[in-house]
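In what follows, every chain begins at residue 1, and chains take the letters A, B, ... in the order their sequences are listed. As the structure is a computational prediction, the values presented were derived from the model and not from experiment.
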Amino acid sequence: MVKRLTASPLVWPALALIALLAVNVIVTPSFLSIRLQDGHLFGSLIDILRNGAPTMLVALGMTLVIASRGIDLSVGAVVAIAGALACAHIAGSADPAGPGTVITAMGIALGVAAGLGFWNGILVSIFGIQPIIATLVLMTAGRGIALLVTGGQIITVTSPPFKTLGAGYALGLPVAILVSLSVFALVGVLTRRTALGLLLESIGVNPEASRLAGVRYRTIVFAVYVFSALCAGVAGLMIASNISAADANNAGLWIEMDAILAVVIGGTSLLGGRFSLTGTILGALIIQTLTTTVYTAGIPPETTLVFKALVVIAVCLMQAPKFRALVRNRRPRRTSAHRTPEPSPKVTPIAQIHPVSEMSQL
Amino acid sequence: MTADTAVVELQDVTVEFPGVKALDGVDFRLLPREIHALMGENGAGKSTLIKALTGVYDTQSGRIMVDGNDLRFTGPRQAQDAGISTVYQEVNLCANLTVAENILLGREPRRFGHIDHRAMKRRSRELLAELDLNIEPGSVLGTHPIAVQQLVAIARAMAVKAKVLILDEPTSSLDADEVAELFRVMRRLRDCGTAILFVSHFLDQVYEISDRMTVLRNGRLVGEYLTAALSKVQLVAAMLGHDLELLEEIGDAASATKAREGQPVLSAVGIGRTPGVHPVDLDVGRGEVVGLAGLLGSGRTELARLIFGADRATSGTMLVNGKSTTLRSPRAAIAKGFAFTSEDRKGEGIIGELSVRDNLVLALQARRGFARPLAKKTKDDLVTRYLDALDIRPRNPDALVKNLSGGNQQKVLLARWLITDPELLILDEPTRGIDVGAKAQIQKLVTDLAAEGMAVVFISAELEEVTRISDRIAVLRDGHCIAQVGSDCTVNELTALIAGGVQ
Amino acid sequence: MITQTAPRRVIDIADLIRRVRGRYLSPIASLLLFVVMFAGVVGRYDFASPSQVFLNLLVDNSYLIVLAVGMTFVILTGGIDLSVGAVVALSTVIVATTLQAGWPAPVAIATVLVVGPLLGLLMGLVIEYFDVQPFIVTLAGMFLARGLCYVISVNTLPIKDPLLRELGLKYLYLYEDKFIRWTVVIAAVVVVVAVYVLHQTRFGRTVYAIGGNRQSAQLMGLNTSRVRVSVYAISGLCAALAGLLLAVQKLSGYSLNGIGLELDTIAAAVIGGVLLSGGVGFVLGSVIGVLVLGTIQTFVTAENLDSYWTRIMTGLLLLGFVLVQRVLARNSLREASKR
């Protein structure tokens, strides 16, 4: 029974999360308390959920991209661009507080985000460029573009409707977390109730075989990059709305790294193929809880990164079969017969060339 | 040390993996100055024996002796240092390095700690000369064809002055000329004192080159024989026993001629793609098996891919059931009822990390589109039906396909396409690299399908197989279709056609 | 029988051309790009001394050159090292803090040169022996190093040590009034050593072999584990050294140094023709990549543009390069399929 439980890849992230929460409770007994005030729920747990909502969202998009054997480094830049565009529109409009303006602003931001995702899709799926480089281009140039939009300044806006996304409440919970969880539910249904999950995993494990089996390789690859960018766009709106300003330099800084970490901690392999959305949510929660733990436990905030590093390594090691084997058998392994890998075609790591039939099309 | 002392000897060696005994108390002897063939189906333990010998695998019991000394290798390096060199089926060299580096890396001549490039080039030139290989040592390995790369791999083995040379399926990617060349090299090495262990599925080649052979079955030793004293029938019997009748059945079924009626499922006129395939005419009718025969590089796979839409044709037209079509992608071909299994099973066929069930329904699901997933019950029924129909082992739909043997993987691929109920089935080397048992099953399956009305294009490098199964054979050479012959063509005539004009 | 070939000279030229079209094509293209860009920038502005502008490129970017060398080793094996920017910052902070605490300069420098490779070694061990993806491990390494930076000090710490001031400020005159600094000399030494190691030692060739096909390299009997761990230690060493060069250049230690530096380094390598999939590329190519990036910065400064234009232009250049590489790769694949 224990063996079957430990066999599930979700066990380790779940345990890590529980452990973190336990540490919090020990240090701050009132950590788990949630109170109702003005019809809104407040508490440390709520804070974790609200602050982690953008990362969660970006991580969801990232999960699908990684499952397709790709990676999207540009999400941070898209976050910045989305926030910049929205705030620039609102600030420059005649009626910043009007719902119409806000909706247009968001529409522009999301439209451009989708376009950027489409751009990534073109580079990866049509030109066949390695995803890590293709998205590195936008990552490098993107923040510059965001700064261009804001003219190098921080644009502040005063617009109550805009504020709801990042800082507002609905049904007692922060709007941000409701949005993220809805997207989680939506994508979950989309991938598991339809055949999308199977087709996506198939592409991630063996793109060429999938293409020959008639899987719509190009469409699906485009879709995941657009989806990832859209998630980043919404996250960018959340972040900008939360501070009612667009800070092109800092918005979404390192969010791509946090998102990738969340995905990996959640058990999805960077090499593509099988993926777990639940795992990603767990991973994002772990990362956010970590930050909160450091804060509420009174540990100097400078050490946050060190803790983050340690937790990440710990979870990744626990997921690594070789590490588990080392811990389990103290003496040198005799049971496993493999010492050297089989002579087989090498599996290239994360930076893959999508082998979209070199010889055909274009 | 008498002349009979084995160079390498395994005594009662067992290799176990979780749940499976890959080698069970196997004895093996390799004598000096011989070419020794290791025979057996897939899963018989041939690869395992080699890997146990070269230190890639741990052994759970038994002794390994080299020149009479008990030895236990901890890795490929020690095995090489002890004089045992291996050339694997996939050429295990680094294509981005030069030929000289691939030959000598790890024991390159050095001066004051740094590599003496000139001496390295000189030494590699010597080794290449012994193999009659006229290539530039400074050239990048990847710029040469696979056959050359394989010989470079052998040159590397020779550089170590190997006592034992192990060749694992060295001829699967070679054409007849290249095989002859390889055999010449092997004989010379043997005469100079190297013992050669040779694994191959090509029975003819084994009979041509080996002095003795060892047969394994299900991880156990069946016997050690002198090649001259063992007939082919006895060998196959030792390897598998009952499937002999299957092979005879197939011969009978295919010899019945069929009358072709109606229009052909596929009629390709002048289909071609520069530069690999010159315009070819090909018709395939219902219930017909059309074989594509030719040497490696003759354009067989390229032609198949053109028909399937995997590559875009630069010339010609295609008529499917009489209607003109252009197939721009595999999806388009699949929509017309085509199916295709690639010769590269691992790279273009199976989705290794997914289950047997997922692999089976993939093509069908892809055609239905993601919005119409198969109901669980329907899926399970289909899967069970095809697992049984094709005798796929193990009968576990949740098993990961990468853990199945080659033969079973090929059957999963076939099932994947049969589930889509195709009109035209294109099989590229479906029996390559799989055990005789599965091979016979697949050949019978093809014949049965054709008898039920499916149109089949069958590509194989084994001319005997092609002649046995096909109703008509298109002979390809250098991208041209030079002849189309009937099923009464013998292997010799076919060989002559293919060879005709080639020096 | 080795057939008698035609007169050597003709064969040599044809062979040379063929080889150029092969693996040297990318770095040569990068070199041409740099020359064109530099000439363009020099031609556009009325610089008093174009050669000094070039030398300034070297002076300003010597730390990035050293970083690029270390990163090249890692990328050649098919890996990646995201921690280098943080290690650079850590190095500046450590050297500044220890000097302030009164440690003698050589000891401070030695400490830095031990910490960097040590972190790299740890990362390499986790990557190799526990099979965790380099992306993740070095990302954690980045967090760890950056975190340590913040723990040690969040302020800018000035460096007043005479030895380091000498290294950072002293002019080394080459000819006429053209000068460089010691940092350039150090970077040049690093480059020369790296080229030697990669092309003249078994270690270096093993690096290429691993990048080409790791399983094959193992089966060929090469010591792939040791090499794969070592390249991360080398990258760590280069990052530490680069940190020292940056510290003497700015004469301060600051924990927010080098944010995003790892991506610049990777961009430089890619522009220089090093393939992220491993096995292909040259250290000199990465160096040229650094010079290209430096030229962009020179242009942006001279044109008085906002600094974010550097990022946009770098991105565009990267895009252009990647597309060209892709087209070339496709063409060579078509040629290979012809046979």
Side-chain angles (χ1 to χ4, degrees), chain B residues 51 54-56 75-81 85-88 90-98 100-108 110-117 120 125-126 128-129 132-136 138-145 153 156 160 273-276 297 302 311 479, chain C residues 1-5 11-12 14-16 18-19 21-25 76-78 193 195-227 274-275 277-282 332-339:
Chain B
K51 289 183 183 145
T54 53
V56 178
R77 181 77 200 209
Q78 281 89 358
Q80 284 172 30
D81 289 339
S85 273
T86 319
V87 179
Y88 291 95
E90 302 94 359
V91 176
N92 280 107
L93 297 176
C94 299
N96 61 326
L97 297 179
T98 63
E101 284 170 337
N102 272 292
I103 295 179
L104 290 171
L105 200 55
R107 29 187 77 79
E108 58 283 289
R110 296 196 280 187
R111 229 167 28 143
F112 313 119
H114 75 86
I115 299 176
D116 186 348
H117 285 285
M120 200 158 86
R125 236 185 267 274
E126 285 167 25
L128 292 171
D132 263 2
L133 210 49
N134 185 14
I135 55 177
E136 191 49 50
S139 59
V140 171
L141 187 71
T143 58
H144 297 287
R156 181 181 176 84
V160 196
R273 177 181 163 91
T274 48
E302 289 76 10
D311 295 330
Chain C
M1 28 276 66
I2 302 176
T3 47
Q4 223 20 4
T5 52
I11 295 300
D12 277 354
D15 189 43
L16 193 68
R18 208 177 348 108
R19 252 188 251 175
R21 286 190 63 215
R23 31 191 195 156
Y24 299 114
L25 186 57
L76 280 176
T77 64
V193 169
V195 170
Y196 175 79
V197 167
L198 279 177
H199 294 271
Q200 296 291 85
T201 65
R202 179 185 297 178
F203 178 87
R205 298 324 290 171
T206 309
V207 167
Y208 276 98
I210 294 175
N213 188 328
R214 193 161 117 226
Q215 275 95 339
S216 292
Q218 262 168 322
L219 290 167
M220 281 161 77
L222 300 172
N223 198 335
T224 55
S225 305
R226 196 161 54 125
V227 169
V274 180
L275 289 189
S277 43
V280 176
F282 301 96
S332 75
L333 241 124
R334 278 216 192 93
E335 294 219 354
S337 75
K338 267 187 209 170
R339 41 145 232 103

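Here the side chain of C:N213 pairs no donor or acceptor atom with the backbone of B:N92 at under 3.5 angstrom.
Screening C:R214, C:M220, C:Q215, C:R205 against B:C94 for a side chain to side chain contact (heavy atoms under 4.5 Å, CB included) leaves a single residue, C:M220.
At a 4.5 Å heavy-atom cutoff, the contact between B:N102 and chain C is made by backbone and side-chain atoms alike. Looking at B:E108, both its backbone and its side chain come within 4.5 Å of chain C, counting heavy atoms on both sides. In this structure, chain B has a heavy atom under 4.5 Å from the side chain of C:Y196, while its backbone stays farther away.
Put simply, CD on B:E101 and CZ on C:R202 are 12.5 Å apart, with the number rounded to the nearest 0.5 Å. For the atom pair C:I210 CD1 and B:N96 CG, the distance stands at 11.0 Å (nearest 0.5 Å). From B:T86, atom OG1 reaches atom CG of C:L219 across 8.0 Å, with rounding to the nearest 0.5 Å.
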Fill in: B:H117/C:Q200 under side-chain contact (heavy atoms from CB on, under 4.5 Å): CA gap, chis, key distance, verdict
CA-CA 8 Å; B:H117 285 285; C:Q200 296 291 85; 2.7 Å; yes

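What you find for B:L93 and C:S216 is that their closest heavy atoms are O-OG, 3.2 Å.
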